[in-house]
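These notes concern the structure reproduced below.
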Amino acid sequence: MAAALEIIGFLMSLAGNLITGVTLSSNRWKTSTVHGSVITTSNVYENLWKSCAEDSTGISNCKKFDSLLSLPVHIQVCRALMIISLVLGLMSCIVSIFGLKCTKFGTSNEQTKGKIALSGGLIFILAGLLTLTAVSWYAAMITAQFFDPLYLGTKYELGSALYIGWAASLLSILGGSFLCCSFKKKKPATKAGAYKYNYQDPDSDFKQFKERKETSVASKAYV
């Protein structure tokens, strides 16, 4: 059961890490809304790296963001979080492979392998939380600007990449949790030749002594 849980958790986490890479490279983190707009022949969409405009014929022109320091703070932080999440996901994949019971890499001690798998699961959970933070923060900024009546810039809606990112973070967190749950701490074995002390309640000894004494007195009285 533990081995099956490990494999399922590893595959889910691996899929989550791959989908995180797809999320980072996706173009549509946010798309311009047609709500309250007269011009609907063009569509503007952005991701963490560039901004694109697409006309009604399907032709799009993209422009990369020129300066990193001129970008809003949330975009800079989201970039860092997504990249760190991918690096941690790659590290946890390598660590988890050495900890799976079905592999023969590294040590053959099941207890040690379980601890390695536990470490990989924790890193997977951390990577999923970083992805979740980046995607949720980006989505919160979009919704805040959309419902702000004083915001005069272009208003956007949530892009498909955000939903993909949420799915990726969920897979990573669940997969890492399965890896952690597959680890069972070994119970300490009793040492050979160790003295085993049996505790007895003094009250029970007193009751037994009292009963024996009463029985002895009753038998003497009978005689």
Side-chain angles (χ1 to χ4, degrees), residues 9 11-93 122-177:
L11 293 178
M12 290 178 63
S13 302
L14 180 61
N17 192 43
L18 293 176
I19 298 175
T20 300
V22 173
T23 303
L24 183 59
S25 61
S26 179
N27 290 328
R28 296 182 182 272
W29 277 60
K30 62 180 180 179
T31 58
S32 59
T33 180
V34 295
H35 176 71
S37 178
V38 179
I39 302 174
T40 59
T41 56
S42 62
N43 182 28
V44 180
Y45 53 91
E46 292 184 7
N47 63 0
L48 298 177
W49 313 100
K50 59 186 177 181
S51 176
C52 300
E54 183 181 23
D55 57 18
S56 57
T57 60
I59 300 175
S60 59
N61 294 316
C62 298
K63 181 183 179 182
K64 294 184 178 180
F65 297 135
D66 296 329
S67 175
L68 174 64
L69 299 178
S70 63
L71 293 174
V73 176
H74 72 280
I75 295 182
Q76 299 181 34
V77 176
C78 287
R79 278 186 179 183
L81 291 177
M82 293 297 291
I83 292 174
I84 295 173
S85 177
L86 282 176
V87 174
L88 288 178
L90 179 60
M91 289 174 54
S92 55
C93 286
L122 292 175
I123 300 175
F124 270 128
I125 293 175
L126 179 59
L129 290 175
L130 291 179
T131 302
L132 181 63
T133 303
V135 174
S136 299
W137 190 2
Y138 197 92
M141 294 301 298
I142 295 174
T143 54
Q145 293 175 357
F146 184 87
F147 292 107
D148 186 5
L150 301 178
Y151 182 72
L152 302 178
T154 304
K155 293 189 176 182
Y156 293 89
E157 293 184 357
L158 304 181
S160 58
L162 298 180
Y163 299 100
I164 298 174
W166 279 318
S169 63
L170 182 62
L171 284 173
S172 297
I173 294 173
L174 285 178
S177 301

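Atom set for the values below is all heavy atoms of this structure, side chains included, hydrogens, waters and symmetry mates excluded.
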Of all the heavy-atom pairs spanning Lys50 and Phe65, show the shortest one and how long it is. N-CE1, 3.5 Å
Shortest non-hydrogen contact from Ser172 toward Gly128: CB-CA, 3.8 Å
Mind checking the CG-CG spacing from Asn61 to Asp55? Nearest 0.5 Å is all I need. 7.5 Å
d(Gln145 CD, Tyr151 OH) to nearest 0.5 Å is 4.0 Å
Would the distance check show the side chain of Trp29 and the main-chain N or O of Thr23 forming a donor-acceptor pair, the cut-off being under 3.5 Å? yes
In the structure I gave you, are the side-chain heavy atoms of Leu158 and Lys30 within less than 4.5 Å of one another anywhere? no
Under the 3.5 angstrom rule, does the side chain of Thr133 hit a backbone N or O of Leu129 as a donor-acceptor pair? yes
Residues Asn47 and Ser25: closest non-hydrogen pair is ND2-O, 4.4 Å
Looking at side-chain heavy atoms only, is the closest gap between Trp49 and Asn27 below 4.5 Å? no
With no hydrogens and no angle check, is any side-chain donor or acceptor of Ser32 less than 3.5 Å from a backbone partner on Val44? yes
Keeping Arg79 on the side-chain end and Leu48 on the backbone end, is there a donor-acceptor pair under 3.5 Å? yes
For residues Ile142 and Glu46, determine if any side-chain heavy atom of one lies less than 4.5 Å from a side-chain heavy atom of the other. no
Whether Lys155 side chain and Phe146 backbone form a donor-acceptor pair below 3.5 Å: yes
Any donor and acceptor pair, going by atom type alone, linking the side chain of Gln76 with main-chain N or O of Leu71 inside 3.5 Å? yes
Shortest non-hydrogen pair, Cys78 vs Ala134, comes out as SG-O, 3.3 Å
Closest non-hydrogen atom pair between Leu130 and Leu81, with its separation: CD2-CD2, 3.8 Å
Residue pair Val87 / Met91, side-chain heavy-atom distance below 4.5 Å: yes
Does the Ser13 side chain pair with the main chain of Gly176, one donor and one acceptor, at a distance under 3.5 Å? yes
Are Ser51 and Lys63 close enough, and set up right, to give a side chain to side chain contact (heavy atoms under 4.5 Å, CB included), and what steps lead you there? CA-CA 5 Å; Ser51 176; Lys63 181 183 179 182; 5.6 Å; no
Spacing of Leu14 atom CG and Leu90 atom CG [to the nearest 0.5 Å]: 10.0 Å
Would you say the side-chain atoms of Trp166 and Ser136 include a donor-acceptor pair closer than 3.5 Å? yes
Leu88 pairs by side chain to side chain contact (heavy atoms under 4.5 Å, CB included) with which of Leu126, Ile125, Thr131, Ile83? Leu126
Under the 3.5 angstrom rule, does the side chain of Ser26 hit a backbone N or O of Val22 as a donor-acceptor pair? no
Nearest 0.5 angstrom please: Met141 CE to Asp148 CG, how far? 10.0 Å
Between Ser92 (side chain) and Gly89 (backbone), is there a donor-acceptor pair under 3.5 Å? yes
Which atom names give the shortest non-hydrogen contact between Cys93 and Asn17, and what distance separates them? SG-ND2, 4.3 Å
